[in-house]
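In what follows, a structure is listed as C-alpha cells, so that the remarks can point back to it.
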Amino acid sequence: MENLSGKVAVITGGASGIGRSLAHAFAAQGMRVVLADRDEVRMRAVEAELAEGGTEVLPVVCDTSLEPSVQELAQATLERFGAAHVLCNNAGVAGNGDPWTGPMSAWDWVVGINLYGVVHGIRAFLPIMQDQGEGHIVNTASMAGLIALPGAAAYNATKSAVVAISEGLFLELKGSGSPVSVSVLCPAFVKTNLMAGQQWQDRLGPPPPATSSPIGQMIETMLAEGVENGVDPDGIAAQVVDAVKGDRFWILTHPEARQAPVERMQRAAAQENPA
C-alpha cells in the first residue's frame, strides 16, 4: 500500500471533521474516494470540494449502525469502482445523557455507531480486500480507548472495544499471512463537530437530555472546550496516510498524551487503584 494512486478509499463519517480531512488527504494521494455519512447536505459539500480538485467521488448516504446500510455501501463501492483498498471506519459520536440513570437508548446510539459501525465496516469490506489481494483498514478509536474518563461510560466502552478489536484483527491477519493490514487511530482533542454536530437516530425515539450529574456536566464541559481548542484534523489525516503507507498499527497523534496509557498500565501492574 505504499503507492495509493488510483486506488479507492472508503471513509465513513466523511462529511465533516476527521472524515473530511481524510477524504482530502487520500484524494491528494491520487485516490478515488467514497464518502459515507448520514448528513447528505454536508457530504455533498465535501463531494463538491473533492470533485473541484479532479477527484472521482462517490457519495453514499449510510447509517453505519445498521448492517444492511454498510453492506449497501460496500456494494455501491464495488459497482462504481470495482475495488476498495482503504477503509476508514471513522463515523462516531460522543453521546449524551446520564449512562446510569438515563434512557438505554443513549447507550444504543453510541454503541451502534462507535462499535457496531466498525464491526459492520470490517465485515462488509474485509472479504473484498482479501479477494483482491490487498487492503488496509483504519479504525477510529480515541485516547479514551486507552484511558478512562469518568462520566463518559458509553464512549469509553466503545473506544476501548475498537482498540481491542483492531489489535486482535491485526494479529489474526498477520498470523494468517493475509494481504490486509489494520491501523487504529487514537487521537486526543481534535477540532471537529463531535460535541455539537451529532445526529440522533430517529428510530431510537427522542434524544436523551444532557447529562445531569455534576461529574458528567464537568466532563462534558471539559470535552467541549478541548474539542473547540483541539488540533487541526488535517494533521491527523496526514498521520493516517503515513500509517497506511508504512503499515503502522498504532496512530497516537498527540505525543503529549502517549504517557497517560503507560502510567495507567504501570498502576495496573502494581495493582494500584486508578488515579
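In what follows, residues are counted from 1 in the order of the sequence shown. Below, each value reflects all heavy atoms present in this structure, side chains not excepted, and no hydrogens, waters or symmetry copies. As the structure is a prediction and not an experimental result, all values here were calculated from the model.
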| request: Provide the closest heavy-atom pair for C186 versus A141 in the form atom of the first, atom of the second, distance. | output: SG-CB, 4.0 Å
| request: Can you measure from CG (D39) to CZ (R44) and round to the nearest 0.5 angstrom? | output: 12.0 Å
| Between H254 and A188, is there a donor-acceptor pair closer than 3.5 Å when you use the side chain of the first and the backbone of the second? | yes
| task | Using a cut-off of 6.0 Å, state whether more than 12 heavy atoms not belonging to R267 lie near its atom CZ. | result | yes
| query | Does a side chain donor of either S21 or D234 reach within less than 3.5 Å of an acceptor in the other side chain? | reply | yes
| said: Determine whether a donor-acceptor pair (N or O, by modelled atom type, separation under 3.5 Å) exists between the side chain of W107 and the backbone of A154. | reply: no
| request: Inspect the surroundings of CD in E256 and state if more than 12 heavy atoms from other residues, nucleotides or ligands are less than 6.0 Å away. | output: yes
| query | Counting N and O atoms only, with roles assigned by atom type, does the side chain of H85 sit under 3.5 Å from a partner on the main chain of V8, one being a donor and the other an acceptor? | reply | yes
| Is the backbone N or O of N90 less than 3.5 Å from a side-chain atom of T12, with the two atoms forming a donor-acceptor pair by type? | yes
| Is a side-chain N or O of R80 found less than 3.5 angstrom from the main chain of L58, in a donor-acceptor match? | no
| Chi angles and distances behind the side-chain contact (heavy atoms from CB on, under 4.5 Å) call for S181, F249 | CA-CA 8 Å; S181 195; F249 175 75; over 6 Å; no
| query | Looking at L4 and K245, what are the two nearest heavy atoms and their distance? | reply | CD1-CG, 3.9 Å
| query | Distance from I251 atom CD1 to L185 atom CG, nearest 0.5 Å? | reply | 5.5 Å
| query | Okay, side chain of K159, backbone of T140: is any donor-acceptor separation there less than 3.5 Å? | reply | yes
| request: Would you check if there is a donor-acceptor pair between the side chains of Q75 and E79 at a distance under 3.5 Å? | output: yes
| query | Linking I/L/V/M/F/W/Y whenever their side-chain heavy atoms sit closer than 4.5 Å, directly or via other members, would V190 and V46 fall into one cluster? | reply | yes
| request: Walk me through it: do L173 and Q130 pass the test side-chain contact (heavy atoms from CB on, under 4.5 Å)? | output: CA-CA 10 Å; L173 295 175; Q130 297 272 40; 3.7 Å; yes
| query | If you round to the nearest 0.5 Å, how far is CZ of R20 from CG of L50? | reply | 8.5 Å
| request: Could you tell me the separation between the CD1 atom of I128 and the CG atom of D131, rounded to the nearest 0.5 Å? | output: 8.5 Å
| request: Please tell me if the side chains of I137 and N139 come closer than 4.5 Å, counting only heavy atoms from C-beta onward. | output: yes
| E134 side chain to M1 main-chain N or O, any donor-acceptor pair under 3.5 Å? | no
| Nearest-0.5 Å distance, CZ of residue R42 to CG of residue L35 | 14.0 Å
| remark: Residues passing the side chain to side chain donor-acceptor pair (under 3.5 Å) test with D63, sequence neighbours excluded, are S65, Q201
| said: For Y116, I'd like to know if atom OH has over 12 heavy atoms of other residues, nucleotides or ligands within 6.0 Å. | reply: no
| query | Take atom CD in E52; do more than 12 heavy atoms of anything else shown fall under 6.0 Å from it? | reply | no
| message | Side-chain heavy atoms nearer than 4.5 Å, only ILVMFWY residues, links allowed to pass through others: does that put F81 and V180 together? | response | yes
| message | Contact between F125 and T77 at the side-chain level, heavy atoms closer than 4.5 Å - yes or no? | response | yes
| field | Minimal non-hydrogen separation, V111 against T158, with atom names | value | CA-CG2, 3.7 Å
| query | Checking side-chain contact (heavy atoms from CB on, under 4.5 Å) for the pair L22/V240: CA distance, chi angles, key distance, verdict? | reply | CA-CA 8 Å; L22 287 170; V240 171; 3.7 Å; yes
| query | Is a side-chain donor-acceptor pair under 3.5 Å present for T64 with H120? | reply | no
| message | Grouping I, L, V, M, F, W and Y whenever their side-chain heavy atoms are under 4.5 Å apart, do V138 and V184 come out in a common cluster? | response | no
| Between OG on residue S178 and CG on residue L126, distance to nearest 0.5 Å | 6.5 Å
| task | Taking all heavy atoms of S183 and all of H136, pick out the closest pair and write down the distance. | result | OG-NE2, 2.7 Å
| Shared hydrophobic cluster for V118 and L66 (ILVMFWY, side-chain gaps under 4.5 Å) | no
| pair E47-M43: side-chain heavy atoms closer than 4.5 Å | no
| request: Just do the side chain to side chain donor-acceptor pair (under 3.5 Å) check on Q29 and K7 with the steps written out, would you? | output: CA-CA 9 Å; Q29 296 291 315; K7 293 185 169 65; over 6 Å; no
| query | If you measure from the Lys or Arg side-chain nitrogens to the Asp or Glu carboxylate oxygens, is any gap between D247 and K174 under 4.0 Å? | reply | yes
| task | Please report the closest heavy-atom contact between L146 and W250, naming both atoms and the distance. | result | CD2-CZ3, 4.1 Å
| Under 3.5 Å, is there a donor-acceptor pair between the side chain of S176 and the main chain of E172? | yes
| said: If I compare all heavy atoms of A84 with all of V10, which pair ends up nearest, and what's the gap? | reply: CB-CG2, 4.2 Å
| query | Can you tell me if N89 uses its side chain to pair, donor with acceptor, with the backbone of V119 under 3.5 Å? | reply | no
| said: Taking the side chain as everything from C-beta on, heavy atoms only, tell me whether I122 gets closer than 4.5 Å to I165. | reply: yes
| Do any N or O atoms from the side chain of D37 and from the backbone of A15 form a donor-acceptor pair under 3.5 angstrom? | yes
| request: Verify the cluster assignment for M143 and L149: are they in a single hydrophobic cluster under the rule of side-chain heavy atoms below 4.5 Å apart? | output: no
| request: Take I11 and V34, measure what side-chain contact (heavy atoms from CB on, under 4.5 Å) needs, and give me the verdict at the end. | output: CA-CA 6 Å; I11 303 160; V34 180; over 6 Å; no
